[in-house]
Amino acid sequence: MITVILSGGSGTRLWPLSRKAYPKQFLSLAGPTTMLQDTVERAQKVTGNNSPIVVCNEEHRFLVAEQLRENKVISNGILLEPEAKNTAPAIAAAATHVAHLLQQEEINEDTLMLVMPADHVIKNVAAFKQAVETATEAAKSGKLVTFGVVPTAPETGYGYIRAGRDVGANVYCVEEFVEKPDLETARRYLASGNYYWNSGMFLFNALTFLAELEKFNPDIVSAVQRSYRQSERDLDFIRLDKKSFSHCPADSIDYAVMEKSSEVVTVPLQSDWNDIGSWSALWDIAEKDESGNSLVGDVINQDSTNCYLHSKDKLMAAVGLNDIIAVETDDAVLIAAKDQVQKVKQVVSRLQKGQRGESNNHRKVYRPWGYYDSVDVGERFQVKRIVVDPGQKLSLQMHHHRAEHWVVVKGTAKVTRGDEIFLVSENESTYIPLGVNHRLENPGSIDLEMIEIQSGSYLGEDDIVRFDDSYGRQ
């Protein structure tokens, strides 16, 4: 059994902690490690295989690689989607990669794919392992298995699966996939006893899945396989061909194949499962005090009840609140009624329409070489704190509209400026004129920390012309 982890979500309903450039699967929301790392560890416990395949957006590739490295995990390939096309193409790409591994005799023909999104929480891993074991025989016999979570409440935020007759021990045929219902309908589903939450997790043979998908959506299979054949390899990264992938229809696995195939079955999963699709869902699973409050960070609460209060940087004081979500980050604050948190996605849409940077990035922006933190910004100037990891270097680049002053506060910088190459030590500085090619490197064994002062008529991140880059960003 090989695990496929889908890590392409944007997590907009968990703004402002989750942003497009750093979405929820890379955050530590349900414990000390990130949701991606939790998923990798869970998969290892269930399958015994510590080499997952990960499908993610190209812009997240180094976040995935770094978090796998922290878990001491060597992947079986990190597939990079040039653009988001929903779950059917993502899983088809993973299945095509599994078929390639089979052709190379790196796995055997009986190997099954366990597909898991990277942003779920499953507290009862033993129950999940039991469900996977139950599903294994069905998957080996050519069935496409989906896991249906036994509902504990009339939840309106999940899709549902209607189970039919049993076709094995705790295995049922699927009669219908149902969209998110209204409350009255959800209550009826719960009372009937034969509806399950659609978990978005699957188990099947890769070749079987591709054959079924080709029956109903051959355009997806042909576009994905062409994109895979023309992919480029870079370390663990497999860059799917952009042009071929752009012709692939966007569709979910449910619409593309699961709702149409006669080979789909479901196995009930009775576990503490949650897809953390909203702030109220996070409050549901969080540890709470005697008044039902979950407090994260530097929070002082006075007479508030049933609240989720999360402070990242500043002191937060809450007085007399009830059923409120309050989340503070270094550049944004969210305050919402707990029963209205699904509308956070609409807030993000408004930010995007207004071209507000808070929809995509935090003030601290991670890069493959380290990160930068925008400390201050004003008319014609910007101040950043830059941290470069040991042995890493930024691209050789040039700016049309700004000059830069660099002050080293820790470590040693190796600077390329035009035809010059020189070192700048702690408490020393240098100047990069507008229009001059330059590069910053950390040749040392400790972090390089520096203050960068930008000045000019335009200070946007898109004013970068890259001539050489270690991370394929030219």
Side-chain angles (χ1 to χ4, degrees), residues 1-7 25 28-55 67-68 70-76 87 91 94-95 98 101 107-152 158 161 163 166-174 196-206 208-209 253 258 264-276 281 284-285:
M1 193 174 293
I2 192 167
T3 306
V4 172
I5 298 176
L6 305 179
S7 185
Q25 59 266 33
S28 303
L29 294 176
T33 53
T34 71
M35 300 188 77
L36 171 62
Q37 291 172 326
D38 291 344
T39 304
V40 170
E41 184 178 351
R42 183 186 317 128
Q44 196 277 331
K45 290 178 180 177
V46 170
T47 67
N49 186 331
N50 200 35
S51 298
I53 296 168
V54 183
V55 186
Q67 294 199 358
L68 293 183
E70 290 176 355
N71 268 30
K72 296 181 173 58
V73 168
I74 298 175
S75 75
N76 237 315
T87 53
I91 296 171
V98 171
L101 296 177
I107 58 174
N108 63 57
E109 62 184 10
D110 295 327
T111 299
L112 300 177
M113 279 175 54
L114 176 62
V115 180
M116 303 168 62
D119 54 2
H120 290 183
V121 170
I122 300 177
K123 292 187 176 181
N124 190 342
V125 178
F128 180 47
K129 183 176 182 179
Q130 179 59 56
V132 172
E133 291 173 353
T134 300
T136 297
E137 286 306 313
K140 284 184 176 179
S141 69
K143 298 296 182 183
L144 307 181
V145 182
T146 181
F147 296 93
V149 178
V150 178
T152 57
Y158 298 144
I161 298 168
D166 62 313
V167 292
N170 215 28
V171 181
Y172 303 89
C173 67
V174 173
Y196 301 95
W197 292 335
N198 186 355
S199 72
M201 299 186 295
F202 309 94
L203 183 69
F204 39 65
N205 179 279
T208 301
F209 169 73
I253 183 176
M258 303 301 279
V264 178
V265 297
T266 189
V267 170
L269 170 60
Q270 193 148 10
S271 176
D272 297 323
W273 172 90
N274 197 308
D275 75 345
I276 314 296
D284 285 339
I285 68 166

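Worth saying up front: this structure is predicted, and the values here are computed from it rather than measured. Positions are given from 1 along the sequence.
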Report summary line: Here the gap from His120 atom NE2 to Thr39 atom OG1, rounded to the nearest 0.5 Å, amounts to 8.5 Å
Query raised in the report: Below 4.5 Å, heavy atoms only, C-beta onward: do Ile276 and Asp119 meet side chain to side chain?
Result: no
Requested in this report: Give the minimum heavy-atom separation between Asn49 and Met1, together with the two atoms involved.
Outcome: ND2-O, 3.2 Å
Query raised in the report: Between atom CD1 of Ile122 and atom NZ of Lys129, what is the distance when rounded to the nearest 0.5 Å?
Result: 14.0 Å
Query raised in the report: If you take all heavy atoms of Asn205 and Glu109, which pair is closest and at what distance?
Result: ND2-O, 3.2 Å
Query raised in the report: Atom OG in Ser28, atom CG in Leu36: separation rounded to 0.5 Å?
Result: 10.5 Å
Report task. Determine whether Val171 and Lys143 make a side-chain contact, defined as any pair of heavy atoms from C-beta on separated by less than 4.5 Å. Result -> no
Report summary line: Heavy atoms of Ile5 and Ala118 approach each other most closely as CG2-CB, 3.6 Å
Report task. Report yes or no: does Ser51 contribute a side-chain atom to a donor-acceptor pair with the main-chain N or O of Ile74 at less than 3.5 Å? Result -> yes
Query raised in the report: Quick one: does Trp197's side chain get under 4.5 Å of Leu269's, heavy atoms only?
Result: no
Requested in this report: For residues Met201 and Pro117, determine if any side-chain heavy atom of one lies less than 4.5 Å from a side-chain heavy atom of the other.
Outcome: yes
Query raised in the report: Would a 4.5 Å heavy-atom cut-off, applied to side chains only, mark Val4 and Ile91 as touching?
Result: no
Query - Pairwise side-chain contact, Met116 with Val46, heavy-atom cut-off 4.5 Å (strictly under) - result: no
Report task. Using the six-membered ring wherever Trp is involved, compare the ring planes of Phe147 and Phe128 and label them parallel, tilted or perpendicular (cut-offs 30° and 60°). Result -> perpendicular
Query raised in the report: Distance-only, no hydrogens or angles: does the Asp166 side chain make a donor-acceptor pair with backbone N or O of Ala169 under 3.5 Å?
Result: no
Query raised in the report: Minimum heavy-atom separation for Asn124 to Ala127, with atom names?
Result: OD1-N, 3.0 Å
Requested in this report: To the nearest 0.5 Å, tell me how far Asn71 CG sits from Gln37 CD.
Outcome: 4.5 Å
Query - Phe209 side chain reached by Ile253 side chain, heavy atoms, under 4.5 Å - result: yes
Query raised in the report: For Glu133, does the CD atom have more than 12 heavy-atom neighbours from other residues, nucleotides or ligands under 6.0 Å away?
Result: yes
Query - Shortest non-hydrogen contact between Gly148 and Thr266, atoms and distance - result: N-OG1, 3.4 Å
Report summary line: Applying side chain to side chain donor-acceptor pair (under 3.5 Å) to Asn198 and not counting sequence neighbours gives Asp254
**Report entry** Distance-minimising heavy-atom pair for Ala30 and Val121
**Finding:** CB-CG2, 3.8 Å
Query raised in the report: What residues form a side-chain contact (heavy atoms from CB on, under 4.5 Å) with Pro268, not counting sequence neighbours?
Result: Val150, Asn170, Tyr172, Tyr196
Requested in this report: Hey, could you give me the CD1/CG distance between Ile107 and Leu112, rounded to the nearest 0.5 Å?
Outcome: 10.0 Å
Query - Note, Ile2 side chain near Leu101 side chain (heavy atom, < 4.5 Å) - result: yes
Query - Gap separating the CE atom of Met113 from the OG1 atom of Thr47, nearest 0.5 angstrom - result: 13.0 Å
